[in-house]
Q: 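Here it is, the structure in full.
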Amino acid sequence: MNGQPETASADTPLTRGIGVWQATALNITMIVGAGVFATIPLMLKELPGPYALLGWIGAGAIVLVDGLIWSELGAALPGSGGSYQYLLAAYGPKKWGRLMAFLFIWQFLISGPLELGSGLVAINSFAPALSREFQEFNKNRKTELKLGELEDNLGETQPLNMSISPARLLAFALGLLIIILLYRNIASLGKLTIAFWIGVLAAIAWVLIEGMIHFQPAVAFNYTGAAAHVPDALAGKLGAAMIFAMYSYLGYYNVCYIGDEVNNPGRTIPRSIVLSAVAVVVLFLGLHLAMLGTVPWHDALAEKIKDDDYNLPAEFLRQLHGDWAAAVMTVLLIWCCFGSAFAGLLGYSRIPYGAARNGHFFSVFARVHPTKRIPHLSLLLVGALMLFWSFFDLGVVINALITTRILEQFVGQIVGVMLLRKNRPDLYRPYKMMLYPLPCLLALAGWLYLYWSAGWIFVVLGIGTMSVGVLVFFIWARHTGGWPFNSTTESPPVATGR
């Protein structure tokens with residue numbers, strides 16, 4: 001699985017062979033997919049015209065300061081596991097750290113499948129553009145189950161629906177195929193991953209090149225209609241747009257999950273995170289301008305309001321080259337979404353397994369298939385939850401995924417890095433963020449702003465998820481005899497960075 005001989009023991013160190021450029025490429029690979037194409041129309045619904053660019057810039061600013069926190073933690077604790085390991089070390093591996101590590105895995109069982117499911121929801125949004133006939137067929141056979149309404153912090157409501165349509169069923173079938181493909185020995189999957197990445201590069205390169213050739217500044221920066229004045233309730237709408245942008249940026253810290261395999265982590269991890277963050281902010285701004293410099297934002301917004309399954313990149317290429325180009329781009333986008341969910345499920349299915357193996361989550365998920373040598377129960381759990389979320393609207397899925405992560409992971413790490421500074425001054429820190437604690441305070445303010453912007457129902461979801469997780473942790477600890485019911489509970493050693 002990791003390149004080691006089958007006879008290698010659990011104590012055999014992993015090879016540190018990933019340098020700055022490889023680590024940067026790894027981060028960008030995790031970030032860049034079809035998400036940016038799906039979120040731009042959603043951002044236009046919050047901020048009209050050129051104001052939507054503020055969503056990318058604001059979320060990018062949070063990414064940059066939050067990246068400094070990941071950098072310090074990753075450089076000081078360069079082991080495998082990322083947030084799981086950082087929370088365990090910062091809050092105490094024998095006491096509160098066990099609770100924080102458990103809560104990270106707990107929220108992950110919601111946010112992880114939500115993130116993967118969003119890729120399947122995006123397939124549903126993109127697929128109707130395959131042809132005008134399929135678009136009409138899908139529209140006429142769409143059934144919605146109304147579950148209620150969601151109200152945001154501005155008092156605006158949106159429906160909470162589950163829907164079934166031919167495009168949804170196609171997305172569900174592709175999700176099922178992903179689980180089947182991953183239910184095999186991992187050594188046979190390398191070529192598939194490369195093929196998926198080629199599809200992502202092709203889609204992005206096509207849009208950027210066409211956008212540069214046909215870019216019209218007057219179209220991209222059209223301050224008419226709703227954009228003729230500063231939007232009302234700008235603070236709330238900006239936060240809502242930033243949530244969609246942040247969804248597209250997730251993954252700038254991916255190298256932290258494989259810290260054991262990074263060469264000179266004290267230098268490589270911080271540099272790769274900062275380089276990745278800057279690169280994707282510029283890239284996504286470029287993609288936004290490339291498409292909306294040809295397709296008038298008024299038209300894109302009107303089509304998105306009329307039909308939630310609006311495919312902006314397909315319409316962009318249809319206007320330039322006709323239906324055939326829209327169909328080819330749609331195939332590429334579906335391929336990108338499929339590859340993103342495939343790679344995500346491959347990695348995410350190992351998180352409950354790793355925590356369970358170390359005694360910090362339910363032991364059943366530590367089981368390995370006797371012949372395929374994969375964590376099959378963890379894979380099936382995360383995969384089944386991914387399929388469930390594929391029937392919800394993309395905006396709902398993104399808001400739920402971001403808000404369930406903020407408290408346990410991002411805010412938890414901000415407090416954690418400050419606790420380590422106070423309680424572990426002896427910890428070797430090859431990288432220390434400049435202007436401490438200012439980046440921590442800015443990141444904390446940014447994440448809490450996004451949390452508030454999601455709306456009260458998602459705020460309750462985040463708090464409720466954490467509260468239930470705390471209760472389940474204490475029940476589980478009582479059953480297993482762990483902390484706080486047994487103060488002698490052992491924990492695995494935490495990397496020191498030396």
Side-chain angles (χ1 to χ4, degrees), residues 20 23-24 27 31 53-78 82-83 85-87 89-92 96-97 100 104 234-236 238-239 241-243 245-256 259 265-282 284-285 402-403 405-454 459 462 497:
V20 172
T24 303
N27 291 339
I31 301 168
L53 291 169
L54 296 175
W56 293 114
I57 296 169
I62 296 176
V63 166
L64 288 171
V65 291
D66 190 62
L68 300 180
I69 294 161
W70 283 90
S71 295
E72 181 162 324
L73 290 170
L77 304 167
S83 296
Q85 177 184 235
Y86 306 153
L87 295 170
Y91 292 86
W96 293 104
M100 293 301 295
F104 168 70
L234 178 61
L238 174 60
M242 286 170 60
I243 288 175
M246 185 61 73
Y247 160 75
S248 297
Y249 287 141
L250 289 178
Y252 55 92
Y253 42 75
N254 196 39
V255 66
C256 293
R267 177 187 177 194
T268 298
I269 290 177
R271 290 191 176 190
S272 66
I273 290 175
V274 173
L275 286 172
S276 302
V278 172
V280 295
V281 170
V282 173
F284 289 174
L285 283 170
I402 295 294
T403 51
R405 262 185 203 181
I406 286 176
L407 295 181
E408 289 94 329
Q409 184 175 24
F410 296 107
V411 171
Q413 285 187 177
I414 293 168
V415 175
V417 78
M418 298 172 80
L419 287 174
L420 281 174
R421 286 265 189 146
K422 177 183 177 181
N423 300 329
R424 292 289 309 277
D426 60 310
L427 183 65
Y428 176 57
R429 293 178 175 84
Y431 169 81
K432 297 177 71 173
M433 72 182 79
M434 296 178 62
L435 303 177
Y436 173 86
L438 183 59
C440 295
L441 299 177
L442 291 174
L444 180 63
W447 283 115
L448 292 179
Y449 171 58
L450 294 187
Y451 190 61
W452 167 80
S453 299
V459 170

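Sequence positions, counted from 1, serve as the residue numbers for this chain.
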Q: What distance separates R405 CZ from Y247 OH, expressed to the nearest 0.5 Å?
A: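 These two atoms lie 10.5 Å from each other.
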Q: Identify the residue among Y249, Y449, W56 that makes a side chain to side chain contact (heavy atoms under 4.5 Å, CB included) with M242.
A: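 Checked Y249, Y449, W56 against M242; only one passes side chain to side chain contact (heavy atoms under 4.5 Å, CB included): Y449.
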Q: Other residues, nucleotides and ligands only: do more than 12 of their heavy atoms fall within 6.0 Å of CZ on R421?
A: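 Counting neighbours around CZ of R421, more than 12 heavy atoms of other residues, nucleotides or ligands fall under 6.0 Å, so yes.
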Q: Can you name the closest pair of heavy atoms from S272 and V20 and give their distance?
A: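 Closest approach of S272 to V20, heavy atoms only: CB-O, 3.9 Å.
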Q: Check the pair I273, C256 against side chain to side chain contact (heavy atoms under 4.5 Å, CB included), reporting the backbone distance first and the verdict last.
A: CA-CA 9 Å; I273 290 175; C256 293; 3.9 Å; yes
Q: With heavy-atom distances below 4.5 Å as the criterion, would you say the side chains of L73 and I269 are in contact?
A: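 L73 does not reach I269 side chain to side chain.
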Q: Output yes when a side-chain donor or acceptor of Y431 lies under 3.5 Å from a complementary backbone atom of R267, and no otherwise.
A: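 No: the side chain of Y431 does not pair with the backbone of R267.
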Q: Which atom names give the shortest non-hydrogen contact between R429 and A76, and what distance separates them?
A: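 Nearest pair, atom of R429 first, then A76: CG-CB, 4.3 Å.
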Q: Would you give the length of the straight line joining atom CD of Q413 to atom CG of L420, rounded to the nearest 0.5 angstrom?
A: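 Q413 CD to L420 CG: 10.5 Å, rounded to 0.5 Å.
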Q: Please evaluate residues W447 and Q409 with respect to the criterion side chain to side chain contact (heavy atoms under 4.5 Å, CB included), reporting the C-alpha separation (whole Å), side-chain torsions for both, the decisive distance (0.1 Å), and the verdict.
A: CA-CA 11 Å; W447 283 115; Q409 184 175 24; over 6 Å; no
Q: Quick check: do W452 and V459 have side-chain heavy atoms less than 4.5 Å from each other?
A: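 No, their side chains stay 4.5 Å or more apart.
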Q: Could you tell me the separation between the CD1 atom of I402 and the CG atom of L250, rounded to the nearest 0.5 Å?
A: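 Spacing of CD1 (I402) from CG (L250) equals 4.5 Å.
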Q: Locate the shortest heavy-atom distance separating G239 from S453; write the atom from each residue and the value.
A: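 Heavy atoms of G239 and S453 come nearest at CA-OG, 3.3 Å.
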Q: Rounded to the nearest 0.5 Å, what separation is found between the CG atom of L275 and the OG1 atom of T24?
A: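 OG1 of T24 is found 4.5 Å from CG of L275.
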Q: Could you state the interatomic distance from CG (L419) to CD1 (I414), rounded to the nearest 0.5 Å?
A: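 Output value for this atom pair is 12.0 Å.
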Q: Parallel, tilted or perpendicular: which describes the rings of Y252 and W70, with under 30° parallel and over 60° perpendicular?
A: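 Perpendicular, since the angle between the ring planes exceeds 60°.
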Q: Locate the shortest heavy-atom distance separating G55 from A245; write the atom from each residue and the value.
A: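 What the structure gives for the nearest pair is O-CB, 3.5 Å.
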Q: After noting the C-alpha distance and the side-chain angles of V281 and V63, does the key distance pass the side chain to side chain contact (heavy atoms under 4.5 Å, CB included) rule?
A: CA-CA 9 Å; V281 170; V63 166; 5.5 Å; no
Q: Is F410 close to Y253 at the side-chain level, that is, under 4.5 Å between some pair of heavy atoms?
A: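 A side-chain contact exists here, since the closest heavy-atom pair is under 4.5 Å.
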Q: Contact between E408 and S83 at the side-chain level, heavy atoms closer than 4.5 Å - yes or no?
A: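 A side-chain contact under 4.5 Å is absent here.
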Q: Any chance you could measure I406, atom CD1, to L450, atom CG, to the nearest 0.5 Å?
A: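 That separation rounds to 5.5 Å.
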Q: Show every salt bridge (Lys or Arg N to Asp or Glu O under 4.0 Å) that has at least one partner inside residues 57-71, sequence neighbours left out.
A: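 The answer is none; no pair qualifies.
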Q: Would F284 and I31 count as a side chain to side chain contact (heavy atoms under 4.5 Å, CB included) here? Give the steps.
A: CA-CA 11 Å; F284 289 174; I31 301 168; 3.9 Å; yes
Q: Locate the shortest heavy-atom distance separating I69 from A443; write the atom from each residue and the value.
A: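 Taking every non-hydrogen atom into account, CD1-CB, 3.7 Å.
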Q: Could you report the tightest heavy-atom contact between A277 and L64, atom names first, then the distance?
A: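 That closest heavy-atom pairing would be CB-CD2, 3.7 Å.
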Q: Counting only N and O atoms by type, is there a donor-acceptor contact under 3.5 Å from the side chain of Q85 to the main-chain atoms of L77?
A: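 Present.
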